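Heads up, the thing below is written out as structure tokens.
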2 protein chains.
Amino acid sequence: MNIKDVAERSGLPAKTIRYYEEIGLIRPLRGANGYRAFRESDLHKLAFIGRARGLGFTIEECRRLLALYEDRARASADVKALAEAHLEEMERKIAELRAMQATLRDLVRGCAGDDRPDCPILTGLAGGCC
Amino acid sequence: MNIKDVAERSGLPAKTIRYYEEIGLIRPLRGANGYRAFRESDLHKLAFIGRARGLGFTIEECRRLLALYEDRARASADVKALAEAHLEEMERKIAELRAMQATLRDLVRGCAGDDRPDCPILTGLAGGCC
DNA sequence: ATAATCCTTCCAGTCACGGGAAGGTCAACC
DNA sequence: GGTTGACCTTCCCGTGACTGGAAGGATTAT
């Protein structure tokens, strides 16, 4: 398989696939013409990575997940720990966004939103002093 | 004022302040020795930017907010529109995180988390097929 | 033969900084 | 007046996870 087929079948851009090879996530073979020759197993890994990325795992987490995936002697506890850490990380991010939203919403609520210049959003950002 | 004082009073790292000058957010004066000479107005702007960044606005949004802040003929509607767009952007991000969390939580729930290798998280990532 | 579509590598840019090197300046102290 | 230490400056590289584009080689179709 050439890169374009793998791109279509994995849903990942060819550029991304090359990048994943560059950082050692996959190691496709090479044909005599220098083209990457992907096996089904490469495609499989790419789809795996694509789904993990889609769940927000970082590349390094994907690397660890892939290693666990390929380790038949793994303990599911290790996978679960990784996943739960990621869930917590997402929870943290959501909380942060919620806090920012709450603050900004308070400012927005007080803003007339007309053609006059007075704006509590700006005065709020300026420190509320002037 | 030298950069360290401004850093302390604005809560921003000196590195960040230099960066903000580089991208044209602030334009401090320069002393004969080449040192940046910050006015109170620079400090004020930096604090403004710091708060805006703290609410998740991008640098370009901060630039627009600053411009509105300094435009006495602004319409508060413009500020409000910017803020509301940002609120929506955050809402989108939260929804995305929530969706990822929900999917991952489903996978985690099925995982024994013991020393056996069987793991629905991994099979889920692998496409659920094998 | 030629044109279109692939493929390759390499370089540069994104965003918002942070780390660290090399070197100039200033204030205090002895 | 010399020296230390704390400042300041610019410059370049690195981050994460790609994306865009240029330059050039290979393959396929007509």
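Each chain gets a letter, A, B and so on, in the order the sequences are listed, and its residues count up from 1. The structure presented is a predicted model; accordingly, all values stated were derived computationally and were not measured.
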**Request:** Specify the closest pair of heavy atoms between B:I3 and B:R36, including all atoms of both residues, with the distance to one decimal.
**Result:** CD1-CD, 4.4 Å
At a cut-off of 3.5 Å, list every protein nitrogen or oxygen paired with a nitrogen or oxygen from nucleotides 28-30 of chain D, distance to 0.1 Å.
none

Could you go over nucleotides 10-12 of chain D and give all protein N or O partners under 3.5 Å, atom names and distances?
unit_1	atom_1	unit_2	atom_2	d
D:dT10	OP1	B:R30	NH1	3.2
D:dT10	OP1	B:R30	NH2	3.2
D:dT10	OP2	B:R36	NH1	3.3
D:dT10	OP2	B:R36	NH2	2.7

**Prompt:** Is A:R9 salt-bridged to A:E40, going by a charged N under 4.0 Å from an acidic O?
**Reply:** yes
**Message:** Less than 4.0 angstrom from a charged side-chain N to a carboxylate O is my criterion; do A:K93 and A:E88 meet it?
**Reply:** no
**Message:** Looking only at the side chains, is there a donor atom on one of B:D114 and A:S76 sitting less than 3.5 Å from an acceptor on the other?
**Reply:** yes
**Request:** Name the first nucleotide and the last nucleotide along DNA chain C (5' to 3') that come under 4.0 Å of a heavy atom in chain A.
**Result:** C:dC6 to C:dC10
**Request:** Looking at every strand, decide which applies to A:I3 at a 4.0 Å heavy-atom threshold: base, sugar-phosphate, or nothing.
**Result:** sugar-phosphate
**Asked** Could you give the angle between the helix axes at the two ends of the helix from C:dA1-D:dT30 to C:dC30-D:dG1, with five pairs per end, rounded to 10 degrees?
**Response** 30°
**Fill in**
Per atom distances to the A:T58 side chain, the nearest of D:dC18, D:dC8, D:dA17 is D:dA17
**Prompt:** In whole angstrom, what separates A:I17's CD1 from D:dC18's P?
**Reply:** 11 Å
**Neighbours of DNA chain D within residues 83-104 of chain B, by heavy-atom distance under 4.0 Å** = none
**Prompt:** Pick the nucleotide of DNA chain C nearest each of B:E60 and A:Y35; which residue has the one closer to the 5' end?
**Reply:** A:Y35
**Fill in**
Residues at least two apart in sequence or cross-chain that pass salt bridge (charged side-chain N to carboxylate O under 4.0 Å, His left out) with A:R39, listed by chain then number, are A:D42
**Asked** Heavy-atom count around A:R98 CZ within 6.0 Å, excluding the residue itself: above 12?
**Response** yes
